[in-house]
Trainee: 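Following this message is one structure expressed as structure tokens.
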Amino acid sequence: MKTIVILISGRGSNMEALIAARDAGQLPVYIAAVISNRPDAKGLVTAEKAGIATRCLDHKAYADRAAFDAALADCIDVFAPDLVVLAGFMRILTPGFVRQYEGCLLNIHPSLLPAFPGLDTHQRALAEGVRIHGCTVHFVTAELDHGPVIIQAAVPVHADDDETRLAARVLAQEHLIYPQAVRWFVEERICLEDGRVRLSGELHGDDRLVAPALH
Ligand code: GRF
């Protein structure tokens, strides 16, 4: 069974979705640890309750980004994961760190990349008046919120949406697509060809490259 480490900064609902999928027998992984860069991350409590090892590395205690990333890598490597899963980990990672985990570092971003990289994605989607919004699971590259796309889910933007309603609609999809992407990874069905993701094997059951949430 593959080993994963999950990195969080706050609420940890995507982490919870991964734990729930594992508990439901839909995600054959060993979750070795949950690591947060914020001591007050709510997700740390959730992980502890689930019996998962937790670590906190407060980024404020490090001189610079490189020093934090080096300590983070040391902390991760103790658990010898096959995959590192960024689940609401709100830190820009140094190119050196990203290179170290190239091909085994995933992120979820609350927009249909390459649209709206960065912060405040829902607010920006509303301001632009887009009709379709969503979320993306992708491999992490040195460029922020960029990198080969594994799966996306699309949701409609309604005329009377506010940021909270739109965020909730997207988040519900995040909780579906992240466990699925991680499952594909641990089943070794994902490969990279010319910087793009190819999924091997038959699509079956819930396997979909785009989650059909346009309703
Ligand atoms: C999610 O919307 C995720 O896409 C983004 O930050 C949020 C984290 O939520 N990167 P949670 O901590 O997983 O609940």
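No hydrogens, no waters, no symmetry mates; every other heavy atom, side chains included, goes into these values. Whatever order the structure lists ligands and atoms in, that order sets their numbers, starting from 1.
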Trainee: Report the relative orientation of the aromatic rings in Phe68 and Phe89; use parallel for angles under 30°, tilted for 30 to 60°, perpendicular for over 60°.
Mentor: parallel

Trainee: Is there side-chain contact between Ile190 and Leu199, with at least one heavy-atom pair below 4.5 Å?
Mentor: yes

Trainee: State, with a plain yes or no, whether a side-chain heavy atom of Thr141 is found less than 4.5 Å away from one of Pro148.
Mentor: yes

Trainee: Which is closest to atom 12 (O) of ligand 1 by heavy-atom distance: Gly12, Ser9, Ser111?
Mentor: Gly12

Trainee: Partners of His122 by side chain to side chain donor-acceptor pair (under 3.5 Å), sequence neighbours excluded?
Mentor: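 With sequence neighbours excluded, His122 shows a side chain to side chain donor-acceptor pair (under 3.5 Å) to His133, given in chain and number order.
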
Trainee: What protein heavy atom sits nearest atom 2 (O) of ligand 1, and how far away is it?
Mentor: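 For atom 2 (O) of ligand 1, the nearest protein heavy atom comes out as Glu174 OE2, 2.9 Å.
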
Trainee: Identify the closest protein heavy atom to atom 10 (N) of ligand 1: which residue and atom is it, and at what distance?
Mentor: Ile108 O, 3.4 Å

Trainee: Have a look at Pro110, Ala17, Ser13, Gly88 and point out the one with the heavy atom closest to atom 11 (P) of ligand 1.
Mentor: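 Among Pro110, Ala17, Ser13, Gly88, the closest heavy atom to atom 11 (P) of ligand 1 belongs to Ser13.
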
Trainee: State, with a plain yes or no, whether a side-chain heavy atom of Tyr101 is found less than 4.5 Å away from one of Leu86.
Mentor: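 Of all side-chain heavy-atom pairs linking Leu86 with Tyr101, none is under 4.5 Å.
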
Trainee: Could you find the nearest protein heavy atom to atom 9 (O) of ligand 1 and give me its residue, atom name and distance?
Mentor: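 For atom 9 (O) of ligand 1, the nearest protein heavy atom comes out as Arg11 NH2, 3.0 Å.
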
Trainee: Is Ile8 in contact with ligand 1, taking contact as a heavy-atom separation below 4.0 Å?
Mentor: no

